[in-house]
Amino acid sequence: MPEKVRTVFEDSGDEKLVKLKLSPQPTEEPERKKKRNKKRKLDDSEASKPADQDEPREIPTPAKQVETTICVPKKRPEITSQTNGPPSSKSYPKSKPRPFADTKTNFTPLREKAKALLETRRKLPVFENADLIRELLRKQDVMLLVGETGSGKSTQIPQFLVDEFWCRPVPTQITRDGKTENKMVGGCIAITQPRRVAAISLARRVAEEMGTPLGSHSPASKVGYSVRFDTSTSPSTRVKFLTEGMLLQEMLHDPNLTKYSAIVVDEVHERGINVDLTLGFLRNLVSGKKEGRGGVPLKVIVMSATADMESLTDFFQQGFKHSEPTQKAIEGADAEADKMDTSTPKDISVCHIKGRQFAVKTIYSPAPVHDFVDAALKIIFQIHQKEPMPGDILVFLTGQETVEALEHLVNEYAMGMDPSLPKILVLPLFAALPQAAQQRVFAPAPPRTRKIVLSTNIAETSVTVSGVRHVIDCGKAKVKQFRTRLGLDSLLVKPISKSAAIQRKGRAGREAPGQCFRLYTEKDYLGFDDTNTPEILRCDLSQALLNMKARGVDDIVGFPFLTRPPREALEKALLQLLNINALEDDGKISPVGLHIAKLPLTPTLGRVLLAAAENGPECLLDVIDIISCLSVENIFLNTTSEEKKEAAEAARRDLYRREGDHLTMLTTVRVYAAEHSDRKAWAERHLVSHRAMQSVMDVRKQLRTQCRQAKLLTSEALNNTSLHDPSPILILQSFLAGFATNTARLVPDGSYRTIVGNQTVAIHPSSVLYGKKLEAIMYNEFVFTNRSYARGVSAVQMDWVGEALAGKD
DNA sequence: GAGCACTGC
């Protein structure tokens, strides 16, 4: 090993850095395992392993006792003092035995299991706050809960609440449009999650803890989940885990969420656009008059891992302030109400629950790092030489390119390594990696071997690698940013936020004390943003706006955004919706828009689908096949080596169509769907991603069903198995109905210029049209990475483009 | 000659 390897961080003052606010915290085994299950993305079969694998393991004794902080509104000191009293676990069982009373099924084994789990649940930090949380929610409708990693909040909070009196269904009379209707309101708790796998594995865990079967397995099941393509609930479901997108979807059909007594919004700190929309709608619901719920209140519990609760408190308080006038009228106490504005929150409580993690030592680079791949290489071998086994290394890099570069370097250096040292096993990890290769990361390292996982930020939230005690953080990540003015997405390397840095560091302290090497200076760290930029500031807003319009939010400017997008971004999105006729001229949603909003597609792809329907059932079926591919990750596998690349070219030649990527996708779906013996083998032969194709078939099925329900397709058209010849012209013209502005023409110097905006754009190398010179092209995506690229490209004729653009006026 | 990570009845 080269001399240099050891130098960089040798004297980087570990002592000083250790002091960095690391709350020394013990660990909690079941919670950790739950998290691992929860975060282990990408493999549902893994998540569905039998529960007995979740049994606690031996764990080192924690260094210090957990500290639990509770902050409640100053007005209620008496409640705070309650939690400082005797252990609350005693009071828990009093409301517990009920769940089984009303069923004949033999749940004895499940109950036994639940009983065993109760012991470990009691040790969760959140458990001692159960009474306080219940108490507060009896009186207030909104609770903000900061729960650090390992606090157990996601599994326990719903169980604390499910037997509360306010969580029962209430018979009500709801008057709408002059008609009065008797209806049961409430009874269920929803818990939203940003990711599918998290929703499913949390549901599984909570079902075990409650001693009830999961979802549709039994009509008596109390716990279920709902994610796209996979819903598992029963008539008795009281606790339902769902993705944020799924809750938004439910709200389209039932804006008042009448099934629910409480909505728990989890992982809010991740700030995906769906969570922002959800919170906006929920705020309107809790601070409104609740007529649609027959006056039955809805409890909202907002949970986050970071302490930035101020903006959320303000957010909900603003809502109550706005609703004050109606209350004033009722109470006739104007002066009192005005005073409320400056006092403590009246309707919101805030709880803070410390998590359980081992201490992680932070080691900064003493000087700025220019080449983080090189710097990471040195630290890897420094750790490998100095640190005892076991203790795997997790390196956060920016993308596939840097991951593969470092993989190569580490393997090269390892060959010249002192043979007396333990072996090294380098494992890359990124989303585009085939499933089997990803799974290797989760297997324990072989004896006398140190695992070195080189990962993108997929390991920050979506996937948990066990065995990690050393983290190396390059301090950067690729971030997608929609640029309103240019109408393009850029994918650029940017510094991460402080909260992402903390999250990365935390990955070293899940099983034992660890260390985190930051490939940047402490000064750099202090210059990072506090939190990740919310997605709502980084993405095209047309889908979000259409969703809002579809449920009658016409005043976009008046909508309660947790973070308000710039006016320009909102205007651009509105314009885009007008362009595809999703809105009327007065800004209200059009019938076309309403139809599009119900499809699980971007507004543009939704528009394409409707245009295809006008071109006849054959064209619609073909366009559904193509759209299904476009709404899924890349269906063609990445080719790693040169030989593979050539093999791929040869294998796929019969799928490629000269018209472009759209017709190529259509051919691929058709051939795949016609393959009845072994689709997996077929996919492997053609270097097509079988996983992606399975998703394509799911989406295709869903879209076909929706089209039949909307009477765009007849059952005969769907059942007709004889294949027609596709009409490229009709298909591409349908696409132009949504993508007329995503077109470019060839200019004399051989490059392409966009027809709207006259910007230079190149055909992406992944396209079948890469390097081809055509009169004009249409593309689905306009992305900037190292240069401007068009992705999802087909050849079109200029006069079609002219017609499509003229149709907009 | 190139692909951060999620999601949708």
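Please read all numbers here as calculations on a predicted model, not as lab measurements. Lettering follows sequence order; numbering is per chain, from 1.
- A:E460 places its CD atom 11 Å from the P atom of B:dA5, with the value rounded to the nearest Å.
- When the side-chain nitrogen and oxygen atoms of A:T456 are compared with OP1 and OP2 of B:dA5, one or more of them lie within a distance under 4.0 Å.
- The residue A:L601 sits close to a base: some heavy atom pair falls under 4.0 Å.
- A:S226 has no side-chain polar atom (N or O) that falls below the 4.0 Å cut-off from OP1 or OP2 of B:dC9.
- No contact: A:F229 has no heavy atom under 4.0 Å from any strand.
- Rounded to a whole Å, the CD atom of A:Q503 is 20 Å from the P atom of B:dC4.
- Atoms CZ (A:R196) and P (B:dA5) sit 17 Å apart, rounded to a whole Å.
- In this structure, A:K480 atom NZ and B:dG3 atom P are separated by 11 Å, rounded to whole Å.
- Taking 4.0 angstrom as the limit, A:Y770 places none of its side-chain polar atoms (N or O) nearer than this to OP1 or OP2 of B:dA2.
- If you check every strand for non-hydrogen atoms under 4.0 Å, A:Q702 touches sugar and phosphate atoms only.
- Residues meeting the side-chain contact (heavy atoms from CB on, under 4.5 Å) test with A:T664, sequence neighbours left out: A:F636, A:Y656, A:R657, A:T668, A:V768.
- For A:S542, the side-chain contact (heavy atoms from CB on, under 4.5 Å) partners two or more places apart in sequence, or in a different chain, are A:D540, A:A573, A:Q576, A:L577, A:P603.
- Between A:L257 atom CG and B:dC9 atom P the separation is 15 Å, expressed in whole Å.
- Note that the CZ atom of A:F517 and the SG atom of A:C474 stand 15.5 Å from one another [nearest 0.5 Å].
- Nearest nucleotide to the side chain of A:S766, out of B:dT7, B:dA2, B:dC9: B:dA2.
- At whole-Å resolution of the value, CG in A:D230 and P in B:dT7 are 13 Å apart.
- Between A:Q400 and B:dA2 there is no side-chain polar atom (N or O) within less than 4.0 angstrom of OP1 or OP2.
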